[in-house]
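Here's the structure, in structure tokens; my notes come after.
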Protein chains: 2
Amino acid sequence: MESSSIPSGGSTRREATRQKLYEAAVTLIAEQGFSATTVDEIAERAGVAKGTVYYNFASKSVLFEELLRHGVGLLTASLREAAEQTARDGGSKVDALDAMIRAGLGFIARYPAFTQLYVAELWRTNRTWQSTLMVVRQQVNAVVEDVLRDGVAGGEFSDEIDIRLTAAALVGMVLVVALDWQSFQPERSLDDVHAAMSRLLQGRVSGHRG
Amino acid sequence: MESSSIPSGGSTRREATRQKLYEAAVTLIAEQGFSATTVDEIAERAGVAKGTVYYNFASKSVLFEELLRHGVGLLTASLREAAEQTARDGGSKVDALDAMIRAGLGFIARYPAFTQLYVAELWRTNRTWQSTLMVVRQQVNAVVEDVLRDGVAGGEFSDEIDIRLTAAALVGMVLVVALDWQSFQPERSLDDVHAAMSRLLQGRVSGHRG
DNA sequence: GTTTTTGCACTGACCAGTCAGTGCAAAAGC
DNA sequence: GCTTTTGCACTGACTGGTCAGTGCAAAAAC
């Protein structure tokens with residue numbers, strides 16, 4: 001499932017090996033969890049020797065943490081890009097949120113394993129990589145919060161809304177809907193799922209206003 | 001943290017021991033994950049010998065599966081109760097959803113560890129308890145879907161909505177918001193969080209209509 | 001000729017599951 | 001009454017296996 005991998009712009013041989021290891025690790029850990037996944041499995045799936053894993057990463061945990069940072073970097077870049085593109089096109093803030101939902105769905109469709117693993121680890125405590133996770137979570141939510149804040153400032157959104165909570169709710173909605181989509185109705189198209197979520201976002205649930 | 005435990009109506013000695021094991025297991029697994037949690041740890045935290053765990057449960061996985069079933073049973077009962085109470089009071093379907101959101105938040109506040117563990121495992125595949133999880137997930141979503149379906153039938157909701165997806169989105173919203181609440185802003189009251197979510201539900205985000 | 005990878009044997013910690021035995025209360029036998 | 005037996009719940013030392021991480025010499029890649 002190379003569809004679950006996280007690409008990078010590396011060009012050296014070492015970079016390529018690291019990339020293969022990320023790809024192998026992300027699917028295995030998503031399926032089985034961190035502790036249940038062995039380094040031997042990761043090496044085998046990546047098609048390298050076990051020693052190579054340790055030549056490239058200090059430990060299993062370090063490999064995992066770098067994987068997390070790498071993946072979240074891609075996600076936030078994708079969300080920010082969507083928001084900025086909308087701004088450049090003169091779209092409203094609702095349009096920006098809508099574009100971000102689409103970008104989020106697209107990201108999850110491309111990297112379902114990464115998303116799965118992210119969600120599974122997000123609210124755990126007492127783990128070595130907890131601080132990494134906190135930073136990374138904050139980065140994702142901040143992108144959404146920024147759009148909401150601008151929308152409130154510009155009068156487009158009610159100033160009664162709780163920005164932090166609303167951002168969390170939107171992120172949660174997208175995460176859960178996308179994972180359910182990938183897991184249980186993978187035949188549906190992105191457009192289809194996106195359209196259904198747009199309807200929700202624009203409050204066209206209760207009452208008929210179309 | 002007995003606040004994270006799942007109570008039951010047992011009275012025999014054995015039932016009490018099982019209860020202690022659930023309480024111990026749920027927090028440990030929520031914090032560390034299933035594989036990283038040892039049976040010795042569970043036994044120690046429960047204040048029993050390791051052998052007792054195996055006297056009461058066939059294996060570590062079976063203990064976990066029974067824990068899942070037990071917890072989800074409580075959650076669905078709580079949601080259904082909220083929906084029925086609203087119906088008895090002659091409330092609308094939006095009111096029912098609102099009551100279910102409150103019930104969901106209340107459940108998560110009472111059993112945060114259980115919720116954490118549920119979310120972490122929900123989209124994993126290739127695990128022995130995957131079928132248990134599918135059943136259990138379906139039970140939760142079905143409660144919400146039923147209310148949405150009734151709402152569409154009664155003309156209260158647009159018949160354009162995708163019931164399955166909307167139910168997933170609502171559940172996801174509540175899960176993620178509640179976990180963020182518990183993890184990062186535990187000082188906020190249930191009423192406060194619930195009010196913010198109600199505003200979202202009623203589409204009072206974009207535009208001022210108050 | 002330097003960097004990276006390979007193959008593979010090895011170690012030591014850790015852990016799920018087992019099993020022979022303990023404690024105890026209530027029934028059965030006398 | 002008192003002993004003996006039975007069944008249940010529990011105990012904790014022990015075992016067999018697993019796995020992260022190491023060490024190193026030789027090959028491959030650049």
Side-chain angles (χ1 to χ4, degrees), chain A residues 5 8-68 117 121 124 126-129 132, chain B residues 8-68 117 121 124 126-130 132:
Chain A
S5 65
S8 93
S11 59
T12 67
R13 181 149 77 111
R14 206 154 181 220
E15 205 63 42
T17 304
R18 279 207 165 94
Q19 189 56 38
K20 281 194 290 182
L21 286 169
Y22 283 151
E23 292 178 20
V26 80
T27 19
L28 287 167
I29 296 179
E31 279 168 8
Q32 308 176 322
F34 176 80
S35 305
T37 301
T38 69
V39 174
D40 290 275
E41 276 178 310
I42 296 173
E44 194 195 339
R45 157 101 62 147
V48 303
K50 187 179 184 177
T52 305
V53 176
Y54 286 94
Y55 183 77
N56 283 282
F57 298 97
S59 70
K60 188 183 168 187
S61 309
V62 167
L63 163 56
F64 182 59
E65 281 185 63
E66 294 197 11
L67 181 57
L68 275 179
L117 163 171
E121 292 295 333
R124 285 221 209 294
N126 300 350
R127 309 218 87 180
T128 50
W129 53 77
T132 303
Chain B
S8 94
S11 59
T12 66
R13 178 147 82 116
R14 207 155 181 223
E15 205 63 41
T17 305
R18 279 208 165 92
Q19 189 56 38
K20 280 194 290 181
L21 285 169
Y22 283 150
E23 293 177 19
V26 81
T27 18
L28 286 167
I29 296 179
E31 279 168 7
Q32 306 176 322
F34 175 81
S35 305
T37 301
T38 69
V39 175
D40 289 277
E41 277 178 310
I42 296 173
E44 194 195 339
R45 158 101 61 146
V48 302
K50 187 178 189 176
T52 305
V53 176
Y54 288 93
Y55 182 76
N56 284 282
F57 299 96
S59 69
K60 187 184 169 188
S61 310
V62 168
L63 162 56
F64 182 58
E65 283 185 61
E66 295 198 11
L67 182 57
L68 275 179
L117 160 173
E121 292 294 332
R124 284 221 212 294
N126 301 350
R127 309 217 87 180
T128 51
W129 54 78
Q130 220 233 327
T132 302

Discussion item. Tell me whether the side-chain N/O atoms of B:Thr52 come closer than 4.0 Å to OP1 or OP2 in D:dA9.
Written reply: no
Worksheet item: A:Thr37 near the nucleic acid: base, sugar-phosphate alone, or nothing, with a heavy-atom cut-off under 4.0 Å?
Response: sugar-phosphate
Discussion item. With a cut-off of less than 4.0 Å, is there a side-chain N or O of A:Tyr55 near OP1 or OP2 of C:dT4?
Written reply: yes
Discussion item. Under 4.0 Å, counting only non-hydrogen atoms across every strand here, what does A:Ser61 touch: a base, just sugar-phosphate, or nothing?
Written reply: nothing
Worksheet item: Could you state the interatomic distance from CZ (A:Arg45) to OG1 (A:Thr37), rounded to the nearest 0.5 Å?
Response: 9.5 Å
Discussion item. Taking any heavy-atom pair under 4.0 Å as a contact, classify B:Val53: base, sugar-phosphate, or nothing.
Written reply: nothing
Worksheet entry | Value in whole Å for how far the C1' atom of C:dT4 lies from CZ of A:Arg18 | 12 Å
Worksheet item: Is A:Thr17 near enough to C:dT4 that one of its side-chain N or O atoms lies under 4.0 angstrom from OP1 or OP2?
Response: no
Item to complete: In whole angstrom, give the distance that lies between atom NZ of B:Lys60 and atom P of C:dC14.
Response: 15 Å
Discussion item. Looking at D:dC10, I'd like to know if its phosphate oxygens (OP1 or OP2) sit under 4.0 Å from a side-chain N or O belonging to B:Asn56.
Written reply: yes
Worksheet entry | Value rounded to 0.5 Å, distance of OG1 in A:Thr17 from OH in A:Tyr22 | 12.0 Å
Item to complete: Would you please classify the geometry between the A:Phe34 ring and the A:Phe64 ring as parallel, tilted or perpendicular, with 30° and 60° separating the classes?
Response: tilted
Discussion item. Any donor-acceptor pair, under 3.5 Å, between the side chain of B:Lys50 and the base of C:dG17, if you only look at N and O atoms?
Written reply: yes
Worksheet item: Do NZ/NE/NH1/NH2 and the carboxylate oxygens of A:Glu121 and A:Arg124 come within less than 4.0 Å?
Response: yes
Worksheet item: For the pair made of CG in B:Leu21 and P in D:dT11, what is the distance, rounded to whole Å?
Response: 10 Å
